[in-house]
2 protein chains.
Amino acid sequence: MLLRNQVEWALHCCAVMVGMPAERFLATKVLAEFHEVPKEYLSKALQSLSQAGIIEGTLGPNGGYRLAKAPSEITFLDVVEAVEGRTSSFACTEIRRNNPCRPTRMRDPKPCAVARVMWEADAAWRKTLRGVRLSDLAKTLESDIPAELAAKNTEWLLARS
Amino acid sequence: MLLRNQVEWALHCCAVMVGMPAERFLATKVLAEFHEVPKEYLSKALQSLSQAGIIEGTLGPNGGYRLAKAPSEITFLDVVEAVEGRTSSFACTEIRRNNPCRPTRMRDPKPCAVARVMWEADAAWRKTLRGVRLSDLAKTLESDIPAELAAKNTEWLLARS
DNA sequence: CGGTTACGGATACTTCGTATCCTTAAACCA
DNA sequence: TGGTTTAAGGATACGAAGTATCCGTAACCG
């Protein structure tokens, strides 16, 4: 049970975009070089974010992506679900119905007890991710990364977009 | 990001074993037929549970598996981790080190901010699973499943083990 | 001794994530 | 206007991991 590496890429791209001046676009090529990941494949992740309304893209020279909303309006869950999907990590196959002792016409008022627990855990996972916004991440990074490096990053990225 | 179907099987097998009289073993073949899943493959999941000390197996006729501990001493997390593993759902590849602006010799006092959030969510997931014991599941099933059917199940399973 | 079972290794099959390529359409620029 | 740059998205190949089966071995029982 492992998340796609695109999830990591998408989150780091968002982290980078938070630090950009508003209205500035970052090209896929530049984001790919900055993170040293394959451009074409990263593009798929960014397309997912775009479709989800998290970022917006524009064409032509100086084109690329930027955040489509305020960083305080974008949660980790938004990003994760955009690339990983919204389906639970646990898929209930209703194995209980295979029980040979079970009357054929028996109905199930409630979902399977095992699935209920697993879905509850999945909900807790999502709740945690929903509780952290991109603005929170920006603040954390501010204390994690030296201001000098942050400035360099911004300069490097904007110079090529 | 989907859990193995063996996780579902393992949990349902545990649910069945909770209802058995102590010291009685259930054969893999019988558990497989009861759930209509491939016997050889289910066997792998049960082996994982056995190695984790959750169930214990014995050889020969009338052999099979039974719980190795009291149901109150076995959590969902124990079962899930036994078959799915203990590694986090998020793998941090330290993508931040690929940053071309970054000084080569720079050290990271803390783990990546993105990873910290993702791991926190993973911890919340595991915490929920750790909070539910097999004895809780048994109690839930008691109210979910008609006593009549539960008795039939036990009879069916023991008659073939 | 012969049959039954857990156990574990080896091996295919299938699905899905990873990655690349190519075409199209839109935006910009000369 | 025409050429360049970029996102968008379809098609395809590759590899890893999950799924599934088969076989040989060792232990247990009648």
Side-chain angles (χ1 to χ4, degrees), chain A residues 1-10 13 17 23-33 35-66 68 80 82-85 87 89-91 93 95 157 160-161, chain B residues 1-10 13 17 23-33 35-66 68 80 82-85 87 89-91 93 95 157 160-161:
Chain A
M1 219 239 329
L2 220 59
L3 290 163
R4 298 182 164 94
N5 57 12
Q6 292 195 144
V7 170
E8 184 183 18
W9 302 355
C13 284
M17 290 192 223
E23 312 200 351
R24 287 298 304 264
F25 292 92
L26 292 182
T28 304
K29 186 188 173 192
V30 177
L31 285 167
E33 286 172 359
H35 293 119
E36 288 185 20
V37 297
K39 176 201 159 201
E40 306 277 357
Y41 192 36
L42 172 65
S43 169
K44 304 295 183 186
L46 296 174
Q47 283 175 39
S48 298
L49 294 182
S50 177
Q51 284 183 327
I54 296 168
I55 62 179
E56 56 187 1
T58 188
L59 305 206
N62 301 324
Y65 292 102
R66 68 181 176 198
V80 170
V83 9
E84 189 67 38
T87 64
S89 57
F90 181 80
T93 65
I95 215 182
L157 289 158
R160 301 153 200 261
S161 289
Chain B
M1 220 243 327
L2 221 59
L3 290 163
R4 298 185 165 92
N5 56 15
Q6 292 194 143
V7 171
E8 185 183 17
W9 301 355
C13 284
M17 290 192 222
E23 313 201 349
R24 287 297 305 263
F25 292 91
L26 292 182
T28 305
K29 185 186 174 191
V30 176
L31 285 167
E33 286 173 358
H35 293 117
E36 287 184 20
V37 297
K39 175 202 161 202
E40 306 278 356
Y41 192 35
L42 173 64
S43 169
K44 304 295 183 188
L46 296 175
Q47 284 175 39
S48 298
L49 294 182
S50 177
Q51 284 183 326
I54 295 168
I55 62 179
E56 55 187 2
T58 189
L59 283 317
N62 299 324
Y65 292 102
R66 69 182 175 197
V80 170
V83 8
E84 188 68 37
T87 64
S89 56
F90 180 80
T93 66
I95 213 182
L157 289 158
R160 298 152 203 261
S161 289

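All of these numbers come straight from a predicted model, not from anything done at the bench. Numbered from 1 within each chain, the chains take letters A, B, ... in sequence-line order.
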Between C1' of C:dT5 and CG of B:Asn62, the distance in whole Å | 10 Å
Rounded to whole Å, CG of A:Leu59 lies from P of D:dT4 at a distance of 17 Å
Rounded to whole angstrom units, what separation is found between the CD atom of A:Glu40 and the P atom of D:dA11?
-> 17 Å
What heavy-atom pair brings B:Val30 and B:Arg160 nearest, and what distance separates the two atoms?
-> CG2-O, 3.1 Å
Using a heavy-atom cut-off of under 4.0 Å over every strand shown, decide if B:Ser50 touches base, sugar-phosphate, or nothing.
-> sugar-phosphate
Rounded to the nearest angstrom, tell me the gap between atom CZ in B:Arg66 and atom P in D:dC28.
-> 13 Å
Respond yes when some side-chain nitrogen or oxygen of A:Thr28 is under 4.0 Å from OP1 or OP2 of D:dA7, and no when none is.
-> yes
Rounded to the nearest 0.5 Å, how far apart are CZ of A:Arg66 and CD of A:Glu56?
-> 4.5 Å
Between C:dT18 atom C1' and A:Leu46 atom CG, what is the distance in whole Å?
-> 16 Å
Reckon B:Lys44 touches a base, only the sugar-phosphate, or nothing at all at heavy-atom distances under 4.0 Å?
-> base
OP1 or OP2 of D:dG9 under 4.0 Å from side-chain N/O of A:Gln51 | yes
Remember a base hit wins even if backbone is also touched, and classify A:Glu84 as base, sugar-phosphate or nothing at under 4.0 Å, heavy atoms.
-> nothing
Would you kindly give the CG-to-P distance between A:Leu42 and C:dT18, to the nearest whole Å?
-> 12 Å
Of A:Gln47 and A:Arg160, the one whose closest nucleotide on DNA chain D sits nearer the 5' end is A:Arg160
